[in-house]
Amino acid sequence: MKLVIITAIKLFEKDIKLQLKKADVKTFSFKEVTGYRDSTEDAIESNWFSSEMNQTESIVFYAFVKKENVDILFKLINDFNNKQKTLSHIHVAVINIEKSN
C-alpha cells in the first residue's frame, strides 16, 4: 500500500476524480486549500499584477493506493498534464507506508 498525494488547481477536481476512478482507486479524501506561489523571482514583464505572492483556489487529495495501481495513476496524470495548454498541472507524489492499521 502506498500513500498518494495529489495537488492541483480547483478547476481540475473532476479530472482528478476521473483519473482516480480509471486507476481503480475507490477510496480517497480531498480538501479545498489555498495554494500560494512566490513570484518575486519572476521577470517584471511576466508578473502582470506585480504581486509577490499569488493565491489560487486549489485542492489536495489523499489516497491509500495498491502498489500495482500507483503506476497506472501516474501514467494517467502524466497523460492529462501533457494535453494541458495551461501552465497549471496536476502534481502527484507517492509515499511508502511501512505500517498501517
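Quantities reported herein were computed from a predicted structural model and do not represent experimental measurements.
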task: Applying side chain to side chain contact (heavy atoms under 4.5 Å, CB included), run through Tyr36 and Gln55 and close with a yes or a no.
output: CA-CA 5 Å; Tyr36 286 92; Gln55 289 184 197; 3.2 Å; yes
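- By the rule that hydrophobic residues join a cluster once side-chain heavy atoms approach within less than 4.5 Å of another member, Val65 and Phe74 end up as members of one cluster.
- Ile97 contributes atom CD1, which lies 7.0 Å from atom CD1 of Ile95 (distance to the nearest 0.5 angstrom).
- Two different hydrophobic clusters hold Ile5 and Ile9 under the rule that ILVMFWY side chains link at heavy-atom gaps under 4.5 Å.
- Between Lys83 atom NZ and Lys85 atom NZ the span is 12.0 Å, to the nearest 0.5 Å.
- Ion pair Asp24/Lys26 flagged as a salt bridge, since at least one NZ, NE, NH1 or NH2 atom sits closer than 4.0 Å to an Asp/Glu carboxylate oxygen.
- Both Val92 and Val94 belong to a common hydrophobic cluster when Ile, Leu, Val, Met, Phe, Trp and Tyr are linked at side-chain heavy-atom distances under 4.5 angstrom.
- A distance of 11.5 Å separates CG in Asp79 from CD in Gln84, rounded to the nearest 0.5 Å.
- Taking the six-membered ring for Trp and thresholds of 30 and 60 degrees, Phe30 and Phe28 have ring planes inclined between 30 and 60 degrees apart.
- A pairwise comparison of heavy atoms in Gln19 and Leu76 identifies OE1-CB, 3.3 Å as the closest pair.
- Within the 4.5 Å cutoff, the side chain of Val4 has no heavy atoms near those of the Tyr62 side chain.
- Residues Lys75 and Asp71 are not paired through a salt bridge, judged by the lack of any N-O separation under 4.0 Å between the basic side chain and the carboxylate.
- Rounding to the nearest 0.5 Å places CG of Asn82 at 11.0 Å from CZ of Phe80.
- A search for salt bridge (Lys or Arg N to Asp or Glu O under 4.0 Å) contacts involving Glu32 returns Lys10, not counting sequence neighbours.
- Taking CD1 of Ile16 as the reference point, atom OG1 of Thr7 lies at 8.0 Å (rounded to 0.5 Å).
- Going from atom CE of Met1 over to atom NZ of Lys66 covers 7.0 Å, rounded to the nearest 0.5 Å.
- Residue Phe12 forms a side-chain contact (heavy atoms from CB on, under 4.5 Å) with just one option from Ile6, Ile90, Ile77, and that option is Ile90.
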task: Go through the steps to decide whether Phe61 and Glu13 satisfy the test side chain to side chain contact (heavy atoms under 4.5 Å, CB included), and finish with yes or no.
output: CA-CA 9 Å; Phe61 283 77; Glu13 179 180 336; 4.3 Å; yes
